[in-house]
Peer 1: 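Could you have a look at this structure, given as structure tokens, before my questions?
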Amino acid sequence: MSYVMSANGDIDWRPITICVTSDILAMGADHLKDKEEEFSSDHNNANDPRLASWFVYARTFLAASAVLLALALSQCPVSTLLTTAAFVAPALLWTTPISFKKFGLISRRLLGRFGGDKHQPSTSAPVLVIKRIPGMKAIFNGIIRGCGIYTVVLSVLSGSGNLTNTLPSPWTVVQLIVWSTVNRSCHAIMTDVRDFEDDMKAGVPTIPVLLGSVLKTKVILTACHMLVMLAFIENPYIMGSCLFAAALVWMLGKNSPKKAFLFSSHSQSLFIIWYLSTRHYVQF
């Protein structure tokens, strides 16, 4: 995306580093927490040095990613820092219980300071877990990896004065945002298709669980990809990516190996590489 939006046609390392390291931290912290809980629940793992060393490696990798993220942000304007924080914070709080009790205490203290301290009976405050909000995983993935990446690249390039006024043909801003947002949301739902039975047992409100059917989910995903393709049919890269993603919807299922879903994850990447290679060939 930085290549397309750059006035000089260069690939800027800063937005790439910010997006990659933020993704690693958000996903890695979530998976690490799940695995640590699974590890601690099994007493047979307590004395396994090999498993313990893997957790050390994982924490070291996350720490290195955080250092790289800080380095990249230090070379960017403040707007990039604020943009990154706005999109990364919800992902880091994905499985964290958010209690409204603290907000209530703060408001009561403020009211007591400015309007008199009146005693109110204590009530149990609701606790919010973002992961448990129906369909939120797909929505967050789409917005963060679609709109978020575009906004980060925009803030970096505009801050350095390297932002192009018009994108090269056949790209437009609307294409980049809509294509990325829908593609990432659909891929997130595809991973939920893979985990359909486990999520159903655990009561995780993913889209397939809410629909109660893998088939209905695949029909909706196919329709989403086809709508994007028809909306931007003048762009051969988006058209190819949508057709490829739609084919993967029916090729992959709950019995497919996890590695096979890497194709779904990179249903955009392959066609971005195609665009970069053809652009490079035309220039030379």
Peer 1: Is the closest side-chain heavy-atom distance between Val173 and Tyr150 below 4.5 Å?
Peer 2: yes
Peer 1: Go through the structure and list residues passing side-chain hydrogen bond (donor to acceptor under 3.5 Å, both in side chains) with Thr151, not counting sequence neighbours.
Peer 2: none
Peer 1: Is there a path of hydrophobic side-chain contacts, each under 4.5 Å between heavy atoms of I, L, V, M, F, W or Y residues, that connects Phe261 with Trp250?
Peer 2: yes
Peer 1: What's the verdict on side chain to side chain donor-acceptor pair (under 3.5 Å) for Thr21 and Ser65, showing C-alpha distance, side-chain angles and the deciding distance?
Peer 2: CA-CA 5 Å; Thr21 53; Ser65 299; over 6 Å; no
Peer 1: Do Leu252 and Val193 have side chains that approach each other closer than 4.5 Å (heavy atoms only, starting at C-beta)?
Peer 2: no
Peer 1: If the test is ring pair (Phe, Tyr, Trp, His ring centres under 6.0 Å), which one of Phe244, Phe271, Trp179, Tyr275 qualifies with Tyr237?
Peer 2: Tyr275
Peer 1: For a side-chain contact (heavy atoms from CB on, under 4.5 Å) with Ile220, tell me which candidate from Leu211, Ile207, Ile189 qualifies.
Peer 2: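 The option that passes is Leu211.
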Peer 1: Give a yes or no on whether the backbone of Leu71 and the side-chain of Ser74 come within a donor-acceptor separation of less than 3.5 Å.
Peer 2: yes
Peer 1: Examine distances only and state if a side-chain atom of Ser256 and a backbone atom of Gly253 form a donor-acceptor pair shorter than 3.5 Å.
Peer 2: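 At least one qualifying donor-acceptor pair exists.
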Peer 1: Please examine the side chains of Ile11 and Ile16, heavy atoms only from C-beta on, and report whether any two atoms are closer than 4.5 Å.
Peer 2: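 Side chain of Ile16 against side chain of Ile11, heavy atoms only: contact under 4.5 Å found.
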Peer 1: Are Lys254 and Asp195 close enough for a salt bridge, meaning some N to O gap below 4.0 Å?
Peer 2: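 So Lys254 does not pair with Asp195 through a salt bridge.
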Peer 1: Short question: side chain of Arg194, backbone of Asn255 - any donor-acceptor pair under 3.5 Å?
Peer 2: no
